[in-house]
> 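Sending over a structure as structure tokens; questions will come in a sec.
Count residues from 1 along the sequence.
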Amino acid sequence: MIDIHPTAFVHPSAQIYGKVTVGPRASIWCNAVIRAETAHVDIHAGANIQDFVMIHTDPGKPVIVGAYTSVTHHVTLHGCQVGDHCLIGINATVYNGARVGAGSIVGQHAYCKDRFEAPDNSIIVGSPAKVIATRDNRLPNRINAEFYMRNAECYAQGNHRAWDGPEFEAWFAATMQRLQAEYAQSATGA
């Protein structure tokens, strides 16, 4: 019942159980645990689940992680949904029935309690969490996801220094140019 796309990267120390789908170019990093005994988990394209993340479901409460979303170190996602182009900060918890809208940032150590809802482009902080601002975070969040897509490709080849040196600097400049043009075009509706 585990369906991992051939272009996805799963670190050997990650543990995945139950009905779990990992999309194209997504990555699951060191010591992450995904348990889907009662509902499914969907990790969409280009998303990254970083070191020591815990993902767990409850009956009728799947976990959905949107495309190009970064779930950073030590985060807990439990029976919740996170939109595309989000960043979930270190040690944050997003709990049962919570929904984080696309393009949002959940700050470090935030606690999004049961049924918490945040609209698209939210800045979310605190325990319990609240929305403190609205801003389109899609581009910076996508850049972070692109870093992890590159890192996953390099790790798969045994290169653990993907973010260092002139090759990285050239890649970063080209990626920034491509993404800025892409997001500028989507902002104007062209």
> What's the spacing between Ile64 CD1 and Thr69 OG1 if we round to 0.5 Å?
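Going from the CD1 atom of Ile64 to the OG1 atom of Thr69 covers 11.5 Å.
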
> Considering non-hydrogen atoms only, spot the tightest contact between Val41 and Ala36 and give its length.
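Taking every non-hydrogen atom into account, CG2-CB, 3.8 Å.
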
> Between the main-chain N or O of Gly103 and the side-chain N or O of Asn137, is there a donor-acceptor pair closer than 3.5 Å?
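Indeed, once roles are kept as given, a pair shorter than 3.5 Å links the two residues.
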
> Please round to the nearest 0.5 Å and tell me the distance separating atom CD1 of Ile123 and atom CZ of Arg135.
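One gets 4.0 Å once the value is rounded to the nearest 0.5 Å.
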
> Is there a path from Met149 to Val82 through hydrophobic residues (I, L, V, M, F, W, Y) whose side chains come within less than 4.5 Å of each other?
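Each belongs to a different hydrophobic cluster.
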
> Identify the two heavy atoms, one from Gly23 and one from His5, that lie closest to each other, and give their separation to 0.1 Å.
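Closest approach of Gly23 to His5, heavy atoms only: C-CB, 3.6 Å.
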
> With no hydrogens and no angle check, just 3.5 Å: does a side-chain donor-acceptor pair link Gln15 and Tyr17?
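Note: Gln15 and Tyr17 side chains meet the donor-acceptor criterion.
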
> Within a strict 4.5 Å, meaning less than it, do heavy atoms of the Ile55 and Arg35 side chains meet?
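No, their side chains stay 4.5 Å or more apart.
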
> Can you confirm whether the side chains of Asn48 and Ser27 place a donor and an acceptor under 3.5 Å from each other?
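Result is no, nothing qualifies.
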
> Testing the basics here: between Ser104 and Asn121, what is the closest heavy-atom pair and its distance to 0.1 Å?
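For Ser104 versus Asn121, the nearest heavy atoms are OG-N, 3.4 Å.
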
> Show your reasoning for whether ring pair (Phe, Tyr, Trp, His ring centres under 6.0 Å) applies to Phe116 and Tyr111.
CA-CA 9 Å; Phe116 173 86; Tyr111 173 57; 9.3 Å; no

> Would you say the ring centroid of Phe52 lies under 6.0 angstrom from that of His73?
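So the answer is no for these two rings.
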
> Would you say Thr38 and Asp58 are linked by a side-chain donor-acceptor pair, where the criterion is simply a distance under 3.5 Å?
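Absent: no donor and acceptor within the cut-off.
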
> Within the 4.5 Å heavy-atom criterion, are Leu179 and Leu139 side-chain neighbours or not?
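Side-chain contact under 4.5 Å: yes.
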
> Please report whether the ring centroid of Trp29 lies less than 6.0 Å from that of Tyr155.
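Yes, the ring of Tyr155 comes within the 6.0 Å limit of the ring of Trp29, centre to centre.
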
> Could you check whether any side-chain heavy atom of Val94 comes within less than 4.5 Å of a side-chain heavy atom of Thr76, counting everything from C-beta outward?
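Of all side-chain heavy-atom pairs linking Thr76 with Val94, none is under 4.5 Å.
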
> My understanding is that only one of Val22, Ile43, Ile28 makes a side chain to side chain contact (heavy atoms under 4.5 Å, CB included) with Ile4; could you say which?
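Looking at Val22, Ile43, Ile28, the match for Ile4 under the side chain to side chain contact (heavy atoms under 4.5 Å, CB included) is Val22.
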
> To the nearest 0.5 Å, how far apart are CD in Glu117 and OG in Ser122?
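OG of Ser122 is found 11.0 Å from CD of Glu117.
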
> Would Leu77 and Met54 count as a side chain to side chain contact (heavy atoms under 4.5 Å, CB included) if you check the C-alpha gap in whole Å, the side-chain angles of each, and the deciding distance to 0.1 Å?
CA-CA 6 Å; Leu77 299 181; Met54 176 63 194; over 6 Å; no

> Apply side chain to side chain contact (heavy atoms under 4.5 Å, CB included) to Ile88 and Thr72, showing your working.
CA-CA 6 Å; Ile88 310 300; Thr72 66; 5.5 Å; no

> Could you state the interatomic distance from SG (Cys112) to CZ (Arg99), rounded to the nearest 0.5 Å?
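The CZ atom of Arg99 is 13.5 Å from SG of Cys112, to the nearest 0.5 Å.
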
> Search all heavy atoms of Gly97 against all heavy atoms of Lys61 and return the closest pair with its distance.
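Answer, listing the atom of Gly97 first, then Lys61: N-CD, 4.0 Å.
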
> Going by side-chain contact (heavy atoms from CB on, under 4.5 Å), name the residues that satisfy it together with Glu169, two or more places apart in sequence or in a different chain.
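Per chain and number, Glu169 pairs via side-chain contact (heavy atoms from CB on, under 4.5 Å) with no residue.
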
> Can you confirm whether or not the ring centre of Phe9 sits under 6.0 Å from the ring centre of Tyr148?
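Ring-ring flag for Phe9/Tyr148: false, centres at least 6.0 Å apart.
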
> Partners of His78 by ring pair (Phe, Tyr, Trp, His ring centres under 6.0 Å), sequence neighbours excluded?
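Result, ring pair (Phe, Tyr, Trp, His ring centres under 6.0 Å) vs His78: His56, Tyr95.
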
> What are the two closest non-hydrogen atoms of Ala98 and Lys113, and how far apart are they?
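Looking at all heavy atoms of both residues, the shortest contact is CB-O, 3.9 Å.
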
> Is there a donor in the side chain of Asp51 and an acceptor in the side chain of Asn31, or the other way round, less than 3.5 Å apart?
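No pair is found: no donor N or O on one side chain lies under 3.5 Å from an acceptor on the other.
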
> Checking Glu153 against Arg25 for the side chain to side chain contact (heavy atoms under 4.5 Å, CB included) test, could you report, in this order, the C-alpha distance in whole Å, the side-chain angles of both residues, the deciding distance, and whether it holds?
CA-CA 8 Å; Glu153 290 168 0; Arg25 298 190 71 204; 2.7 Å; yes

> Rounded to the nearest 0.5 Å, how far apart are SG of Cys86 and CD1 of Ile124?
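Those atoms lie 7.5 Å apart.
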
> With distance as the sole test, does Asn91 use its side chain to make a donor-acceptor pair with the main-chain N or O of His109 at under 3.5 Å?
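Checking the backbone N and O of His109 against the side chain of Asn91, no donor-acceptor pair under 3.5 Å is found.
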
> First locate atom CD1 of Ile16, then atom CD1 of Ile2, and finally report the distance between them rounded to the nearest 0.5 Å.
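That separation rounds to 6.0 Å.
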
> Following the transitive rule for hydrophobic clusters with a side-chain heavy-atom cut-off under 4.5 Å over Ile, Leu, Val, Met, Phe, Trp and Tyr, establish whether Ile105 and Val131 coincide in one cluster.
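Different hydrophobic clusters.
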
> Would you check if the side chain of Asp120 reaches a backbone N or O of Ala102 as a donor-acceptor pair within less than 3.5 Å?
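Such a contact is found between Asp120 side chain and Ala102 backbone.
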
> Less than 4.0 angstrom from a charged side-chain N to a carboxylate O is my criterion; do Lys19 and Glu37 meet it?
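No, Lys19 and Glu37 are not salt-bridged.
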
> Does Arg150 count as lying over the ring of Trp163, i.e. NZ or CZ under 6.0 Å from the six-ring centre, within 45 degrees of the axis?
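Not flagged: Arg150 not positioned over aromatic ring of Trp163.
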
> Kindly confirm or rule out a cation-pi arrangement of Arg142 over Tyr68, judged by NZ or CZ under 6.0 Å from the six-membered ring centre and within 45° of its axis?
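Satisfied, under 6.0 Å and within 45°.
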
> What do the steps show when you test Val106 against Leu87 for side chain to side chain contact (heavy atoms under 4.5 Å, CB included), and what is the final call?
CA-CA 6 Å; Val106 175; Leu87 187 137; over 6 Å; no

> Considering non-hydrogen atoms only, spot the tightest contact between Gly46 and Ala145 and give its length.
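Shortest heavy-atom contact: O-CB, 3.7 Å.
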
> Quick one: do Arg178 and Glu146 make a salt bridge, cutoff under 4.0 Å?
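Here Arg178 pairs with Glu146 in a salt bridge, since their nearest N and O are under 4.0 Å apart.
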
> Ignoring hydrogens and angles, tell me if any N or O in the side chain of Thr175 forms a donor-acceptor pair with the backbone of Trp171 under 3.5 Å.
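Flag set: sc Thr175 to bb Trp171 pair under 3.5 Å.
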
